[in-house]
Engineer: 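Quick one: the structure is below, questions incoming.
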2 protein chains.
Amino acid sequence: MTGMACSVTSEHNHNVKMVQERMLSEREFLFLAELFKAFGDYTRARILFALSIHELCVCALAEVLDMSQSAISHQLRLLRAAKLVRYRKEGKNVFYALDDDHVRNLIGQGIDHIREQG
Amino acid sequence: MTGMACSVTSEHNHNVKMVQERMLSEREFLFLAELFKAFGDYTRARILFALSIHELCVCALAEVLDMSQSAISHQLRLLRAAKLVRYRKEGKNVFYALDDDHVRNLIGQGIDHIREQG
DNA sequence: ATAACATATGAACATTCAAACAGATGAGGA
DNA sequence: TCCTCATCTGTTTGAATGTTCATATGTTAT
């Protein structure tokens, strides 16, 4: 169940203690995982990238990604919950956009990373 | 199956075309999703954060996270596949570290984001 | 009010995934 | 060689996730 120490050098113990002291809270790690999980899906990655180009209504997203409105809507719900997108209603339509520049930066960093290592 | 356009304004069509033209390839989106998926797990987020503080051997990670060595090893396998960590062998031990500063930056951005919105 | 449309939601199904356990590999010491 | 230790790898099981279909909500126009 719980990990046991390997043959313990003082270096080993020192590192373990130091890292343990600096670890974030469970709550923060849960948020962090949830944030990245929201990016970590083919469909949502495409939605987020599309929105990084321009604000779009649900049906426009469905058209761009060639997917059903329902599928898009379900994913948008998750993205809303993760606070990655915001929306405004205009008549029958609902327009989605990225929540802030942090989200745009994360997408950008991600793209840079995958392009650097082929 | 495939999405249909909503009542089509010229604005709508213009946006759809523009976004479609700028979308990345399927391959790139798959990579992008895979990258973020690797971050998007409670255990892996903790591993990556721990490694952002200091290089650690598998048993040290198991100790820090209070998990079995096996569980850690399985996750490290995924992180290796995603090219997020590198490792060096030293006798019986295997020491893991973040692959590059891109990874560190992504973690940092993520933490900034969750801290900004409470 | 009724119809048509845009979006959201619920339930069912299929797939993916992490944790746990057992066994395998490989390095070092007696 | 035999044994131990650190790590890795299969396999199974239960949970989480994505997609689809059907339906519900809410808006606009007739």
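Quick note on labels: first sequence line is chain A, next is B, and so on, each numbered from 1.
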Engineer: Mind checking the CG-CD1 spacing from B:Leu61 to B:Ile47? Nearest 0.5 Å is all I need.
Structural biologist: 6.0 Å
Engineer: Restricting to ring-ring contact (aromatic ring centres under 6.0 Å, His included), what partner residues turn up for A:Phe95, sequence neighbours left out?
Structural biologist: none
Engineer: If you pin B:Tyr87 and A:Leu78 to their nearest nucleotides in DNA chain D, which one's is more 5'?
Structural biologist: B:Tyr87
Engineer: Answer yes or no: is there an ion pair linking A:Asp112 with A:Arg115, defined by an N-O contact shorter than 4.0 Å?
Structural biologist: no
Engineer: Taking atom types as they are modelled, would you say the side chain of B:Ser68 forms a donor-acceptor pair with the base of C:dC21 within the 3.5 Å cutoff?
Structural biologist: no
Engineer: Tell me which residues in residues 46-57 of chain B put a heavy atom below 4.0 Å from DNA chain D, sorted by number, or none.
Structural biologist: B:Cys57
Engineer: Could you check how far CD1 of A:Ile72 sits from P of D:dC21, rounded to whole Å?
Structural biologist: 15 Å
Engineer: From the set D:dG18, D:dT7, C:dT7, return the single nucleotide nearest to any side-chain atom of B:Cys59.
Structural biologist: D:dT7
Engineer: From C:dC17, C:dC21, D:dA22, pick the nucleotide closest to the side chain of B:Ser70?
Structural biologist: C:dC21
Engineer: Atom OG of A:Ser52 and atom CG of A:Leu106: how far apart are they, to the nearest 0.5 Å?
Structural biologist: 12.0 Å
Engineer: Of the candidate nucleotides C:dA18, D:dT19, D:dT7, which contains the atom at the shortest distance from the side chain of B:Val58?
Structural biologist: D:dT7
Engineer: So if I take every side-chain heavy atom of A:Tyr96 and compare against C:dA8, C:dA18, D:dT7, which nucleotide ends up nearest?
Structural biologist: C:dA8
Engineer: Would you say A:Asn93 reaches C:dT7's phosphate, i.e. side-chain N/O to OP1/OP2 under 4.0 Å?
Structural biologist: yes
Engineer: Let's see if you can work this out: which of C:dA18, D:dG10, C:dT9 has an atom nearest to the side-chain heavy atoms of B:Gln75?
Structural biologist: C:dA18
Engineer: Using heavy-atom distances to pick each residue's nearest nucleotide on DNA chain D, tell me which of B:Ala60 and B:Arg77 is more 5'.
Structural biologist: B:Ala60
Engineer: Stacking between B:His74 and the base of D:dT9 (centre distance under 5.5 Å, interplanar angle under 30°)?
Structural biologist: yes
Engineer: Check the phosphate of D:dT17 against A:Lys37, side-chain N and O only, distance under 4.0 Å to OP1 or OP2. Yes or no?
Structural biologist: yes
Engineer: Rounded at 0.5 Å granularity, tell me how far CD1 in B:Ile53 sits from CZ in B:Phe49.
Structural biologist: 4.5 Å
Engineer: Take atom CZ of B:Arg44 and atom C1' of C:dT16, then tell me their distance rounded to the nearest Å.
Structural biologist: 12 Å
Engineer: Could you tell me the separation between the CE atom of B:Met67 and the P atom of D:dT7, rounded to a whole number of Å?
Structural biologist: 15 Å
